[in-house]
2 protein chains.
Amino acid sequence: MATEKDNPGEPLWARLERPAPAPRQTLSPQRVATAAVKIADAEGLDAVTMRRLATELGVAPMAPYRYVSGKDDLLELMVNHVYDDLRLPGNLGWRETMRALALQTRKLLLRHVWLAQLPPTAMLSLTPNRMAIAEKALSALEGLGLDADAMMSVFRAVDAYVHGAMTYEIAVQNLMRQQGWSDGGKLRSELAPQMIWHMQTGRYPTFQHYLSTATRKDDARWQFETGLDYVLDGIVAGLDI
Amino acid sequence: MATEKDNPGEPLWARLERPAPAPRQTLSPQRVATAAVKIADAEGLDAVTMRRLATELGVAPMAPYRYVSGKDDLLELMVNHVYDDLRLPGNLGWRETMRALALQTRKLLLRHVWLAQLPPTAMLSLTPNRMAIAEKALSALEGLGLDADAMMSVFRAVDAYVHGAMTYEIAVQNLMRQQGWSDGGKLRSELAPQMIWHMQTGRYPTFQHYLSTATRKDDARWQFETGLDYVLDGIVAGLDI
DNA sequence: CCTCCGCTGTGTACAACGTATTGGTGAGAT
DNA sequence: ATCTCACCAATACGTTGTACACAGCGGAGG
């Protein structure tokens with residue numbers, strides 16, 4: 001009866017780090033994670049149900065609980081799993097490293113849009129792969145004469161911008177996909193009954209002016225990089241580096 | 001089942017046993033919204049279930065559906081309701097307006113921490129009060145010689161940073177509260193078994209250095225404003241305004 | 001060889017959720 | 001006085017996360 005359940009405080013990762021208990025099992029954290037990610041990628045996060053996951057793995061509904069203590073654990077495992085694909089190039093200056101961090105994160109979130117729908121606890125859980133990325137990014141900020149607080153402020157500013165921007169970008173993308181529109185122009189002109197209605201009230205002249213004269217409304221990448229450059233330029237200006 | 005009304009000899013007591021006659025028009029979108037917000041503020045977003053809401057309103061479980069078409073609608077209603085408290089001062093320069101937008105949003109999210117846990121669709125839904133804020137913020141960017149795309153890029157950069165930063169800040173705060181620690185120092189030194197474990201691996205020297213030498217780890221406001229200044233400075237630098 | 005033990009996956013069960021549906025009741029229009 | 005319909009009640013269904021007890025089987029000790 002001395003299972004890991006007796007030590008609830010022990011983090012998931014501690015368990016995973018210990019040598020694999022038995023090479024004979026049909027299930028493994030790896031298999032659980034890949035199956036869950038596959039479901040989420042294909043059908044969205046809502047489709048990731050413990051039962052659905054078990055079905056995907058060809059086991060009984062309760063079987064995955066041997067490897068994850070609950071759904072929260074599962075989400076953390078999924079996050080860690082996909083962040084394994086995010087690799088930061090080394091040997092770059094701090095700015096290029098931060099830029100790469102941002103662009104790579106964007107790519108990852110676009111490949112796994114469900115990452116932007118996670119409950120915040122799972123979103124910023126301290127999984128090994130995420131820790132490794134943070135470590136690498138922080139270390140690129142050493143040797144610039146910054147104190148620890150300043151270094152972290154840089155990392156966090158970039159990270160905050162990226163997540164905020166991607167939450168928005170992905171929400172718009174989801175909205176479009178869910179409505180069956182693939183093209184952004186149609187989105188703006190025909191989509192949101194919401195938006196139409198708001199505009200008809202005539203209460204938002206500046207907004208309306210934007211809608212009718214802007215030319216990069218659909219260039220998500222330009223929008224992302226423009227904002228990112230603001231952040232990076234501001235770091236240069238604020239810290240004189 | 002025939003009602004008691006069909007039985008003329010029904011004693012008074014029988015009728016009194018039944019739930020109070022209930023005056024008509026007990027519900028309204030306003031009452032629904034305030035009740036839901038009250039629950040979320042007091043017990044977190046998870047406590048906001050349709051049944052709980054109905055109980056709070058003293059009404060049958062399905063009653064609120066007369067005013068909101070489902071739970072998504074309810075969340076939108078809640079968002080709009082609390083954003084009514086966010087007022088942007090007019091007659092300020094663009095930078096002070098953006099700054100006020102950020103600080104006021106932070107205050108709002110700290111007062112209603114569940115705002116940071118909303119599913120993204122509800123988070124950026126186009127509710128009237130949110131539209132009004134966007135309109136006001138955008139109009140503060142007019143007359144600077146910016147085209148529509150640039151104006152929107154400024155607004156979105158600030159907004160993205162704010163939401164990303166607050167997601168993080170609130171997640172940390174939730175973590176602390178949920179563990180019963182009120183003080184940040186304890187948090188870092190004793191909290192997350194996760195963090196402890198990660199540090200014990202010795203794989204994150206830069207991170208560890210931060211933890212041991214930083215002095216503003218608990219100064220959430222400083223962190224927020226520092227990052228915000230990066231963004232604003234970067235806008236100045238990037239757009240030359 | 002047999003026997004026991006502990007890890008692994010199974011089966012069943014339950015409470016809580018969102019919400020479809022149907023029914024009764026009273027306020028205002030006719 | 002009657003009709004009508006907005007309002008709320010009552011009940012029920014399907015799905016979810018997960019607690020709990022049990023079965024099969026591989027390797028250690030005799």
Side-chain angles (χ1 to χ4, degrees), chain A residues 1-8 12 15-16 18-32 35-36 39-40 43-78 118-119 121-122, chain B residues 1-7 10 14-32 35-36 39-40 43-78 119 121-122:
Chain A
M1 200 58 152
T3 75
E4 23 325 299
K5 282 247 149 108
D6 295 337
N7 183 1
L12 172 64
R15 260 176 277 149
L16 298 192
R18 282 186 301 238
R24 296 211 23 84
Q25 50 209 23
T26 74
L27 247 42
S28 73
Q30 274 290 329
R31 264 175 54 68
V32 170
I39 297 172
E43 305 170 44
L45 196 59
D46 290 346
V48 179
T49 286
M50 295 309 273
R51 293 164 149 86
R52 176 86 175 71
L53 173 64
T55 313
E56 187 78 15
L57 290 163
V59 296
M62 289 302 288
Y65 279 92
R66 189 73 48 185
Y67 297 90
V68 292
S69 73
K71 193 161 192 188
D72 291 350
D73 245 29
L74 176 65
L75 294 180
E76 273 195 48
L77 199 62
M78 293 170 67
L118 288 171
T121 64
Chain B
M1 181 67 89
T3 76
E4 294 85 343
K5 274 255 148 111
D6 297 333
N7 177 0
E10 181 200 21
R15 211 163 315 158
L16 293 189
E17 285 290 321
R18 273 182 312 204
R24 235 68 253 262
Q25 191 68 6
T26 60
L27 252 41
S28 74
Q30 273 290 331
R31 266 177 52 70
V32 170
I39 297 172
E43 305 171 44
L45 196 59
D46 290 346
V48 179
T49 76
M50 295 309 268
R51 293 164 207 273
R52 176 86 175 70
L53 173 63
T55 314
E56 187 78 16
L57 289 164
V59 97
M62 289 302 289
Y65 279 92
R66 185 75 35 182
Y67 298 90
V68 293
S69 73
K71 191 159 193 190
D72 292 349
D73 248 31
L74 175 65
L75 294 180
E76 272 195 48
L77 199 62
M78 292 170 67
T121 65

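Remember, predicted model here, so these are calculated numbers, not experimental data. In what follows, chains carry the letters A, B, and so on, assigned in the order in which the sequence lines appear, proteins first and then strands, with residues in each chain numbered from 1.
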Nearest-angstrom distance from the residue atom CG of B:Leu57 to P of D:dA9: 10 Å
Rounded interatomic separation in angstrom, taking CG from B:Leu53 and P from C:dA16: 18 Å
Under 4.0 Å, counting only non-hydrogen atoms across every strand here, what does A:Ala63 touch: a base, just sugar-phosphate, or nothing? base
Considering heavy-atom distances to DNA chain C, does B:Arg66 or B:Asp72 have its closest nucleotide positioned more toward the 5' end? B:Asp72
Taking side chain as C-beta onward, heavy atoms only, is B:Arg31 less than 4.5 Å from B:Tyr67? no
Please name the pair of heavy atoms, one in B:Ala36 and one in B:Val48, separated by the smallest distance, quoted to 0.1 Å. O-CG2, 3.8 Å
Specify the closest pair of heavy atoms between B:Val59 and B:Ala63, including all atoms of both residues, with the distance to one decimal. CG1-CB, 3.4 Å
Chi angles and distances behind the side-chain contact (heavy atoms from CB on, under 4.5 Å) call for A:Leu75, A:Leu45: CA-CA 10 Å; A:Leu75 294 180; A:Leu45 196 59; 4.2 Å; yes
Looking only at heavy atoms, which two atoms of B:Ala47 and B:Ile39 are closest? And how far apart? O-CG2, 3.7 Å
Flag side-chain contact, heavy atom, 4.5 Å: B:Met78 against B:Val68: no
Shortest non-hydrogen separation from A:Met50 to A:Leu74 and the atoms involved: SD-CD2, 3.9 Å
Assign a letter to each nucleotide of nucleotides 11-17 of chain D from its 5' end: B, base within under 4.0 Å of a protein heavy atom; S, sugar-phosphate only; -, no contact. B----BB
Contiguous pairing runs of three or more, Watson-Crick or G-U under 3.5 Å, that involve DNA chain C: C:1-30 with D:1-30
Taking every heavy atom of A:Pro61 against every heavy atom of A:Ala54, the minimum-distance pair comes out as CA-CB, 3.5 Å
Would you please confirm or rule out a distance under 4.0 Å between OP1 or OP2 of C:dT8 and any side-chain N or O of A:Thr26? no
